[in-house]
Amino acid sequence: MEEDNEEEEFNTEPLFVLMMSVKNNTQVLINCQNNKKLLGRVRAFDRNCNMVLENVREIWTEPVNKDRFISKMFLRGDSVTIVLRNPK
Amino acid sequence: MSGTEKAGSGTTKTPADFLKSIRGRPVVVKLNSGVDYRGILACLDGYMNIAMEQTEEYVNGQLKNKYGDAFIRGNNVLYISTSKRTLAEGA
């Protein structure tokens with residue numbers, strides 16, 4: 001019951017963007033406060049935007065263009081600026 | 001008491017009324033970093049988290065990227081603006 005209510009809440013509030021990534025196993029692009037980007041799948045999240053991410057490409061351009069692969073990570077929600085989903 | 005309000009005026013009473021009124025409309029969201037996101041406001045919550053559709057990212061006034069759905073965490077938001085003019089004319 002509690003889970004159903006929570007899912008309903010997430011479906012009708014801004015967090016549905018994250019819910020869709022969890023449900024459909026689709027990738028999102030996350031811009032972080034540290035000016036790096038994370039491209040990966042959301043395994044789980046909460047209302048603080050804490051997330052468990054899988055198969056993540058971390059991308060940055062300062063001081064040089066670079067990236068690295070992280071197979072699984074916990075991302076603290078405070079670090080999140082924006083989460084982007086590609087057009088359908 | 002009612003003397004301060006015009007009958008039938010479009011004045012909204014509180015910030016929450018403004019936020020309700022802009023749901024579904026084109027908006028500009030400026031972040032603390034100075035970046036603008038423009039698109040259709042899908043919804044927002046009590047933390048001022050925002051979901052947008054048809055999102056465009058502008059850096060220093062230049063269109064940098066286009067996305068579908070975007071979620072903006074509320075703590076990053078400097079302001080949300082709507083304009084009766086077309087967005088092409090700027091915020």
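Order of the sequence lines sets the chain letters (A, B, ...), proteins ahead of strands, with each chain counted from 1.
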Inset, instruction - Would you mind checking which part of B:Leu31 comes under 4.5 Å of any heavy atom in chain A, side chain (CB onward), backbone (N, CA, C, O), both or neither? - result: side chain
Legend entry - Over 12 foreign heavy atoms within 6.0 Å of CZ, A:Arg76: no
Legend entry - Point-to-point distance, once rounded to the nearest 0.5 Å, from CG of B:Asn75 to OG1 of A:Thr81: 7.5 Å
Inset, instruction - Determine, using the 4.5 Å side-chain heavy-atom cutoff (strictly less than), whether B:Ile40 and B:Phe71 are members of one ILVMFWY cluster. - result: no
Inset, instruction - Report yes if some heavy atom in the side chain of A:Pro14 is under 4.5 Å from a heavy atom in the side chain of B:Tyr47; otherwise report no. - result: no
Inset, instruction - Verify, without hydrogens or angle tests, whether B:Arg73 (side chain) and A:Val83 (backbone) share a donor-acceptor contact under 3.5 angstrom. - result: no
Inset, instruction - Output the rest of the hydrophobic cluster of B:Tyr58: all Ile, Leu, Val, Met, Phe, Trp and Tyr residues reachable through side-chain heavy-atom contacts under 4.5 Å, sorted by chain and number. - result: B:Leu63
Inset, instruction - Establish whether A:Met19 and A:Val52 are linked, either directly or via other cluster members, by ILVMFWY side-chain heavy-atom contacts under 4.5 Å. - result: no
Inset, instruction - Could you tell me whether the side chain of A:Ile82 reaches within less than 4.5 Å of the side chain of B:Tyr37, counting heavy atoms only? - result: yes
Legend entry - Given B:Ile50, B:Ile72, B:Asp69, the one that forms side-chain contact (heavy atoms from CB on, under 4.5 Å) with A:Val17: B:Asp69
Inset, instruction - Is it possible for you to say whether A:Trp60 and A:Leu53 belong to one hydrophobic cluster, with membership spreading through side-chain heavy-atom contacts below 4.5 Å? - result: no
Inset, instruction - Determine which residues belonging to residues 31-40 of chain A lie within contact range of chain B, meaning some heavy atom pair is under 4.5 Å apart, and list them by number or answer 'none'. - result: A:Asn31, A:Gln33
Legend entry - Per-residue contact mode, A:Leu29 against chain B (heavy atom under 4.5 angstrom): side chain
Legend entry - Part of B:Glu57 within contact of chain A (heavy atom distance under 4.5 Å): side chain
Legend entry - Side-chain donor/acceptor of B:Asn49 to backbone N/O of A:Asn48, under 3.5 Å: no
Inset, instruction - Return yes when atom CZ of A:Arg43 has more than 12 non-hydrogen atoms of other residues, nucleotides or ligands closer than 6.0 Å, and no otherwise. - result: no
